[in-house]
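In what follows, chains carry the letters A, B, and so on, assigned in the order in which the sequence lines appear, proteins first and then strands, with residues in each chain numbered from 1.
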Amino acid sequence: VAGRAGSVFLLTDYGLVDEFAGVVRASVLRHAPGVPVIDLTHGVTPFDVRGGALGLVRAAPHLGPGVVLAVVDPGVATSRRAVAVSVAQATGDGPGYFVGPDNGLLPWAVDALGGARGAVALPPASADATGATFDGRDVFAPAAARLWQGVSLADLGDELDPDTLVRLPSPRTTVGAGTLETEVQWVDRFGNVQLAAGPDDAAAAALGVELEVVMPVTGVSRGVVWVAAFAALGPGALGLLVDANGRLALVCDRQSAATVLDVHAGDIVTLRRVPDGASP
Amino acid sequence: VAGRAGSVFLLTDYGLVDEFAGVVRASVLRHAPGVPVIDLTHGVTPFDVRGGALGLVRAAPHLGPGVVLAVVDPGVATSRRAVAVSVAQATGDGPGYFVGPDNGLLPWAVDALGGARGAVALPPASADATGATFDGRDVFAPAAARLWQGVSLADLGDELDPDTLVRLPSPRTTVGAGTLETEVQWVDRFGNVQLAAGPDDAAAAALGVELEVVMPVTGVSRGVVWVAAFAALGPGALGLLVDANGRLALVCDRQSAATVLDVHAGDIVTLRRVPDGASP
Amino acid sequence: VAGRAGSVFLLTDYGLVDEFAGVVRASVLRHAPGVPVIDLTHGVTPFDVRGGALGLVRAAPHLGPGVVLAVVDPGVATSRRAVAVSVAQATGDGPGYFVGPDNGLLPWAVDALGGARGAVALPPASADATGATFDGRDVFAPAAARLWQGVSLADLGDELDPDTLVRLPSPRTTVGAGTLETEVQWVDRFGNVQLAAGPDDAAAAALGVELEVVMPVTGVSRGVVWVAAFAALGPGALGLLVDANGRLALVCDRQSAATVLDVHAGDIVTLRRVPDGASP
């Protein structure tokens, strides 16, 4: 496929207060004049590779063609590899390339698009760089720009086996009889609590209609009702729905379910069927 | 009018920490390659339809041609309508279309540009969407993209009477003899306190030159002087000016007037003429 | 050089909660359809001209061609000049123009690109503006747009002598025998503490290999080791490196050095050689 199609999509933990994200945007455009640069987010918690990887996998199916540049990189300037990965099944309707550190940030999103076709290790920033490297600016942005322009992956670095890319442990979900133990993947701005489990897990666990959520540490339980819309819930009531990413989510109406439950990303909660006549 | 002119302008309460805004940006561009996507803001307080509507009406006269996509949508997935509205007097120098939920978010800005010419109800996201809808991504972004491309309003949904669009209660202002009771519309980043009243209201109330502001609840009053520039005020002094949106605003110099006064959006304050010789 | 090349780069203290930045983006695009608008940052601390100027000088060498529009402007609507400055050595690979208030925000970045070739004072917003001016929207954005389009500097306002542009006091660094007193220029999102001093200063002070940092006010000292990468540091250990802007920086690994040291931008810290055998 010839280049110059689609966008360069950015996801980082740089925040928007410093000029880091701005300099990376400028660096992409400087190396590839005319490219649309789209921020997915720069609000990943600093060094939270897992949070970044989960955001990337949620966004991936909804992007158009182009190149994803992702940087959450606590290991900058160590021996961790800088990589560019091509997507196996790229159809022209989704991104064809991912660029970023080899620390687990990229593979889930690549998997969501059909897996990797190839990968290369990007060389370090050139020696004229002063002091510590700003790899977003000096390594990843130029590589993303060149891929967008149609440069081939092989021209950017030494080939590596995509199976050797670092992978994070998968989010945990354990299906029992009438119980579903699952990791909180994400608490969003509205306090919605996205779980690692999906509707198939709920079906496998035969959670049924009446259920409760059991909190970690305290073991406190709260009643939960299946809903289709937030507004179907009364004040303070907890709902369970299949969210717009196809995951189960605990929600309230115009209120933070995460605050009501006092849960955070990484916690393990249990969804449990309520026996007949024992509704909490 | 042929499409592909101008930009798609975004205003939401999605924030910039999660990837929501990024996915909507990508969705617009995926459906309309080449469109400039301009963020007005994603920082509307969650669910604050009124705050979003006020921001939109302030911005509207200063936008170029294109399509405004606005989402502050506590009623997502309920029976509230998703709508697209065309602007009556569109001159090619301002946006011709607004897209968003039918909850009061859009009409003030449409009014500011000359009122509505037509409106349609957008159909829900297609059935292949998994779980709950992310209408910004799945309904509003595609609609805005198609309008930018020149698709006609009628091709996007069923016509509806623009007079049936939901409207919010107007900001309150009451003119008396030497008094002006008015709603705080907006506290900005710098702590400037924008009031619903304009200079005409101040003239109608014959507020004169020496005046004071009376606070809600406590009834405490503070002297206020008319100024043309922030820097004309001494430390801690309160000024009143006609701001860049043509509204009255209470301000301090390099200090938050909202903090000095302890006022918030939605409060009602009273501006009052100080009788001769009784300056506070 | 003909216009319509490169981008318009924005740096302001407007924040991203209000629609200020969005309206400026729209204003630039309205006056110059087709221009790529790149946010460097809108997160400068309100009224912090010095912080904005330092961010601009860090970003400047990494931008492509175009026009920089910078607004941190406590003196808006006073007699401070609004200016546009052309860059002396513009090579087509960096920005050719800077637009903003004449309060010290621009000259350091202009210097970093080779100094000023010319400058003009921009006229105030036209009289049809209602109330107070929003110079970002009404003065700076149109000027930046016109420069991008190829309008000459002389057509935008009255020429002024670039040597009369307001300048901020330079960041302080004092080199002694085995000591280096230097200003904290910047604390970034990750808590890295960028100093005004560079590696040449460290060499001139003969700081050597074993050193400590002495804090302001308390005089407390902490051992510091030279490192090449954050990850080379143990938990809580303080490192010194030459950062990606060529400045010395105090850093920790995945932890805020600024919090560990309790330092802030503007503080003066002392780096001091540790005598043999007296490592702290």
Side-chain angles (χ1 to χ4, degrees), chain A residues 5-7 9-11 15-16 21 34 36-45 51-52 54-66 68 93-95 186-192 194 198-199 227-232 239 241-249 251 253-256, chain B residues 7-8 10 12-39 41-49 71-80 101 103 124-125 128-139 141-142 145 189:
Chain A
S7 308
F9 303 97
L10 308 182
L11 179 144
L16 292 167
V37 178
I38 297 291
D39 289 334
L40 296 179
T41 182
H42 298 284
V44 175
T45 301
L54 287 167
L56 214 51
V57 80
R58 287 191 300 266
H62 307 286
L63 306 178
V68 174
D93 191 41
W186 178 38
V187 172
D188 72 19
R189 168 175 172 93
F190 303 100
N192 300 314
Q194 186 177 67
V227 288
F230 300 94
L241 49 74
V242 182
D243 74 9
N245 304 115
R247 300 290 90 197
L248 298 181
V251 304
D253 182 33
R254 310 186 201 195
Q255 198 180 346
S256 166
Chain B
S7 308
V8 169
L10 308 182
T12 78
D13 65 348
Y14 292 158
L16 292 167
V17 171
D18 304 308
E19 76 282 0
F20 296 127
V23 168
V24 168
R25 292 176 192 126
S27 182
V28 171
L29 207 70
R30 182 189 193 182
H31 288 89
V35 62
V37 178
I38 298 291
D39 290 333
T41 182
H42 298 286
V44 175
T45 302
F47 313 128
D48 182 7
V49 178
V71 192
V72 182
D73 194 13
V76 62
T78 65
S79 59
R80 74 93 183 90
N103 61 10
D128 70 334
T130 52
T133 51
F134 178 178
D135 279 358
R137 178 189 76 192
D138 302 328
V139 175
R189 169 175 172 93

Do B/Asp39 and B/Arg25 have side-chain heavy atoms sitting under 4.5 Å apart?
yes

Heavy-atom distance under 4.5 Å to chain B: side chain of A/Leu63, backbone, both or neither?
both

Shorter than 4.5 Å, heavy atoms on both sides: which option in A/Val227, A/Thr41, A/Leu56, A/Leu241 has the most such pairs with chain B?
A/Thr41

Between B/Thr45 and chain A, which part of the residue has a heavy atom less than 4.5 Å away: side chain, backbone, both or neither?
backbone

Chain B heavy atoms under 4.5 Å from A/Ala228: which part of the residue, side chain, backbone, both or neither?
backbone

Are A/Phe190 and B/Phe20 close enough that some pair of their side-chain heavy atoms sits under 4.5 Å apart?
yes

Smallest heavy-atom separation, B/Val24 atom then B/Gly136 atom, equals CG2-C, 3.7 Å

For the interface with chain A, which of B/His31, B/Glu19, B/Arg80 has the highest count of heavy-atom pairs at distances below 4.5 Å?
B/Glu19

Which region of A/Val37, side chain (C-beta onward) or backbone (N, CA, C, O), has a non-hydrogen atom less than 4.5 Å from a non-hydrogen atom of chain B, or is it both or neither?
neither

What one should report as the nearest heavy-atom pair of B/Ala21 and B/Leu16 is CB-CD2, 4.3 Å

What closest approach, in Å, do B/Asp73 and B/Pro101 show between heavy atoms, and which atom pair accounts for it?
OD1-CB, 3.4 Å

